[in-house]
Structure formats: structure tokens, C-alpha cells
There are 2 protein chains.
Amino acid sequence: MDRLTTVIEDFTTIFIRLPSVRRFNFSTLSVLHTLARGGPMRLTDLLRTEQLKQPALTSLVAKLEQDGLVRRRPDPADGRAMLLSLTREGRQIVGSRHAHRVERLTHLIDQLTDDERAALAGATSVLTRLTEIAADDA
Amino acid sequence: MDRLTTVIEDFTTIFIRLPSVRRFNFSTLSVLHTLARGGPMRLTDLLRTEQLKQPALTSLVAKLEQDGLVRRRPDPADGRAMLLSLTREGRQIVGSRHAHRVERLTHLIDQLTDDERAALAGATSVLTRLTEIAADDA
DNA sequence: GGAAACAATATCAAATTTCGATGTAACTCA
DNA sequence: TGAGTTACATCGAAATTTGATATTGTTTCC
């Protein structure tokens with residue numbers, strides 16, 4: 001378990017660091033990613049996953065709206081709340097980063113043996129299960 | 001490849017977010033982690049992996065030294081350079097976060113079937129290879 | 001139906017972090 | 001030796017984050 005944890009830690013650091021065309025900081029990228037995954041959600045929901053306090057998130061989202069990456073509209077079900085979602089441009093940024101990762105990972109995997117590739121393929125669905133379990137018992 | 005990339009992205013977000021006892025920001029945790037892995041290294045070396053400009057890193061390291069987490073000593077081989085390493089306390093912080101992850105991952109893996117566990121185990125060494133390859137061709 | 005309690009977000013000033021520009025000292029090498 | 005380069009430090013300004021608090025809408029419960 002220790003070995004697996006360690007290698008994930010190391011792999012993660014490699015995987016996260018991507019040259020981004022525009023220079024977004026970590027908080028911004030995380031918000032974009034979460035909105036890309038979680039569909040429209042309220043500020044409070046977003047707050048749960050982001051490592052920011054509410055005022056910081058409010059101001060970050062305000063800037064993203066200014067920049068045309070996030071759309072903010074009132075929640076029809078609750079007059080106090082705002083529904084946040086990505087604009088097309090916001091989705092493009094997340095998509096382009098994803099594409100870069102696919103490319104990078106493809107390049108790495110090209111250098112593996114067939115057996116290694118098979119092992120990795122076998123792990124994909126297990127990783128999916130793990131993230132589901134993690135989401136549930138969080 | 002797209003599926004694998006996606007699941008790694010999702011798993012990563014889960015894996016990164018850890019309640020830290022003391023409240024360190026992302027940059028700080030990354031520096032501590034890198035120093036824990038990379039042994040004593042110079043500021044410039046550290047700079048390569050961290051997503052900070054040099055003045056920001058200098059001031060971050062200065063604070064970590066103040067707080068007793070990082071040791072700074074002159075590089076005997078180069079009068080301009082400083083060798084940075086973790087103090088015992090610094091190592092303890094990284095170690096404790098690692099321990100938390102092991103614990104969390106153990107808990108998740110407990111919920112898998114035997115087959116799934118086997119698939120994951122098979123992927124461990126492949127992931128190790130991948131990080132090595134990535135380190136080389138970076 | 002209305003007041004009290006609560007929840008979601010906004011605002012504001014202060015603290016922290018990061019950056020660009022520039023300085024200083026040490027190293028390289030011709 | 002001296003011109004060019006490298007490693008790190010310093011400094012003021014810009015950007016980010018926080019805690020405290022305000023505002024507005026919702027829920028509860030009598």
C-alpha cells in the first residue's frame with residue numbers, strides 16, 4: 001500500500017504540472033475542472049471541493065465570469081443561490097488541458113511493453129471503481 | 001487513453017485533497033514534497049518543478065526556514081548557491097500526509113474484490129515505470 | 001401569516017502570496 | 001583579468017485569500 005501510495009503521489013505531481021497557455025493558478029484550474037465535471041452547481045456546492053473560503057471563491061468566480069469562462073445565473077429553485085456553469089470557452093480550456101494530458105500519456109505509454117500496457121488497461125476500470133467508492137464514502 | 005486520462009484526473013483530485021492539520025497552501029505542500037523526494041537541492045533545482053517564480057520561491061523557503069521545516073546551508077561546491085533540505089519536522093509533515101493517504105487508500109481498497117485488487121497491484125510497477133519514463137523524457 | 005432562525009452569497013479591509021525589475025556576489029572561460 | 005553568465009536576494013506593486021459582517025431569500029414553528 002505504501003508503494004502504491006508513493007507512486008501515485010509521484011505520478012500525480014508529473015500529471016498535474018502542465019504548461020498552460022494562459023497562466024491560470026491552481027485554484028482557478030481546479031474550479032474550472034470541477035465545473036466541467038459537476039455540471040451547473042451552486043457556489044456552496046463548489047465550495048465543498050475547492051480549498052478556498054467563500055469570499056475567495058466568490059471573487060474568483062466573478063473574475064471568471066468577467067473573462068467569459070463561467071456563466072452565473074440565478075437558481076430558479078432558490079432565490080439566494082446562483083447556478084454556476086462553464087461557457088463554451090471555459091469548456092474549451094478544460095478540454096484542451098485534457099487533450100494535452102492524453103497526448104502526454106499516449107507518448108509515455110508508447111514506450112511500455114505490451115504486458116505493461118495490458119496491466120495498465122486492467123487497472124483503468126479499477127481506478128474508476130475506486131473514484132466512485134471514494135465519492136460515496138466521502 | 002481518454003478514459004484512462006479522465007479517471008486519473010478524477011482520482012488525482014480526490015487524492016490531493018487532504019485535510020492538513022496546519023493550513024499549508026498548495027505551493028508550500030509541493031515544495032515540502034519535492035524536497036522530501038529530491039534530497040538536498042539548490043533553489044534553482046527546486047524552481048524547475050515548482051510553479052513559482054524565483055522571488056516567490058525565495059520568500060516561501062525563507063518562511064519555511066523560519067518555521068523550522070526547511071534547512072538552508074551554503075553549497076560547498078558553489079558560493080552563490082544554497083542547499084535546501086527538510087528538517088526532521090519538515091519530514092514529519094510530509095510523512096504524516098503520506099500516512100493519511102495510505103490509510104485512505106487502504107480503506108478504499110478494502111472495498112474492492114480480489115480480482116480488482118490484483119489488477120491494481122499489477123499496475124503499481126507499471127506506474128513506477130511510467131514515472132521513470134516521464135522523468136527521463138521531461 | 002409572521003417573526004425568529006437559518007442559509008446563500010456579497011462586500012470590504014487586512015493579511016498573505018506572487019510577480020517583475022533589479023541588485024549583488026560568485027563562477028566561467030577566453 | 002575582465003566580460004559575460006549564473007544563483008540568489010531585495011523591493012515595491014499586483015493578485016489572491018481571509019475573517020468579519022452585511023444583505024437578501026428561505027424555512028420553521030407558533
Side-chain angles (χ1 to χ4, degrees), chain A residues 16-35 38-86 93, chain B residues 16-35 38-86 93:
Chain A
I16 287 182
R17 292 175 188 137
L18 263 190
S20 47
V21 185
R22 289 160 72 172
R23 233 127 86 283
F24 296 111
N25 63 24
F26 183 74
S27 307
T28 303
L29 292 171
S30 180
V31 164
L32 293 178
H33 184 265
T34 305
L35 285 179
M41 62 174 77
R42 299 145 49 127
L43 191 73
T44 309
D45 298 331
L46 187 55
L47 202 52
R48 251 186 288 286
T49 53
E50 307 308 306
Q51 319 233 330
L52 289 174
K53 302 299 175 187
Q54 179 260 316
L57 189 52
T58 295
S59 94
L60 174 49
V61 165
K63 184 153 61 83
L64 290 176
E65 188 186 24
Q66 286 273 329
D67 295 350
L69 305 186
V70 164
R71 181 179 310 117
R72 255 168 38 98
R73 50 181 172 158
D75 184 346
D78 185 337
R80 300 164 297 179
M82 284 291 176
L83 284 182
L84 309 176
S85 55
L86 293 188
I93 286 170
Chain B
I16 286 182
R17 292 176 189 139
L18 262 190
S20 49
V21 186
R22 289 159 73 174
R23 231 125 89 284
F24 295 111
N25 63 23
F26 183 74
S27 306
T28 303
L29 291 171
S30 181
V31 163
L32 292 178
H33 184 266
T34 305
L35 285 179
M41 62 174 75
R42 299 148 46 130
L43 191 73
T44 309
D45 298 331
L46 187 55
L47 202 52
R48 250 185 289 285
T49 52
E50 307 307 308
Q51 318 233 327
L52 290 173
K53 301 301 175 188
Q54 178 260 317
L57 188 52
T58 295
S59 95
L60 174 50
V61 165
K63 183 152 62 83
L64 290 176
E65 189 185 23
Q66 288 270 330
D67 294 350
L69 305 185
V70 164
R71 183 179 309 118
R72 254 167 38 98
R73 50 179 172 161
D75 184 347
D78 186 335
R80 299 164 298 179
M82 284 291 176
L83 284 181
L84 309 176
S85 56
L86 293 187
I93 286 170

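Lettering follows sequence order; numbering is per chain, from 1.
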Participant: Kindly say if B:Asn25 contacts the phosphate of C:dT17, meaning a side-chain N or O under 4.0 Å from OP1 or OP2.
Facilitator: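 So the side-chain polar atoms of B:Asn25 do come within 4.0 Å of the phosphate oxygens OP1 or OP2 of C:dT17, strictly under.
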Participant: Closest to the A:Pro55 side chain: C:dT11, C:dT17, C:dA10?
Facilitator: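 Within the option list, the nearest is C:dT11.
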Participant: Considering only side-chain heavy atoms of A:Thr44, which listed nucleotide, C:dC12, C:dG20, C:dA8, is closest?
Facilitator: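 Within the option list, the nearest is C:dA8.
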Participant: Look at A:Lys63 and D:dT16 and indicate whether a side-chain polar atom (N or O) is within less than 4.0 Å of OP1 or OP2.
Facilitator: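 For A:Lys63, the contact criterion (side-chain N or O under 4.0 Å from OP1 or OP2 of D:dT16) is met.
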Participant: What's the closest nucleotide to the B:Leu52 side chain, out of C:dC19, D:dT18, D:dA7?
Facilitator: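 My answer, after comparing the listed nucleotides, is C:dC19.
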Participant: It should be established whether A:Arg42 places a side-chain nitrogen or oxygen under 4.0 Å from OP1 or OP2 of nucleotide D:dG25.
Facilitator: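 No.
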Participant: Can you check whether any acceptor in the base of C:dA25 is under 3.5 Å from a donor in the side chain of B:Arg80, or vice versa?
Facilitator: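 There is none.
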Participant: Nearest to the A:Lys53 side chain among D:dG19, D:dA7, C:dT18, which nucleotide is it?
Facilitator: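 Looking only at heavy atoms from C-beta outward on A:Lys53, the closest nucleotide is D:dG19.
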Participant: Using OP1 and OP2 only, check whether a side-chain N or O of A:Arg72 sits under 4.0 Å from C:dA8.
Facilitator: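 Negative; the distance criterion is not met.
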Participant: For B:Leu47 and D:dC8, give me the distance from atom CG to atom C1', rounded to whole Å.
Facilitator: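 One finds 10 Å between C1' of D:dC8 and CG of B:Leu47, rounded.
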Participant: B:Asp78 near the nucleic acid: base, sugar-phosphate alone, or nothing, with a heavy-atom cut-off under 4.0 Å?
Facilitator: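 Sugar-phosphate, backbone atoms only, no base.
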Participant: Is A:Arg23 close enough to C:dG20 that one of its side-chain N or O atoms is under 4.0 Å from OP1 or OP2 there?
Facilitator: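 Yes, A:Arg23 has a side-chain N/O under 4.0 Å of OP1/OP2 on C:dG20.
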Participant: Quick one: the side chain of B:Gln54 and the base of D:dA7, do they pair up donor-acceptor inside 3.5 Å?
Facilitator: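 There is none.
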Participant: Does B:Thr58 make a side-chain N or O approach to OP1 or OP2 of D:dA9 shorter than 4.0 Å?
Facilitator: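 So the side-chain polar atoms of B:Thr58 do come within 4.0 Å of the phosphate oxygens OP1 or OP2 of D:dA9, strictly under.
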Participant: Look at the side-chain N and O atoms of B:Ser27 and state whether any lies under 4.0 Å from the OP1 or OP2 oxygen of C:dT18.
Facilitator: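 So the side chain of B:Ser27 is within the cut-off, an N or O lying under 4.0 Å from OP1 or OP2 of C:dT18.
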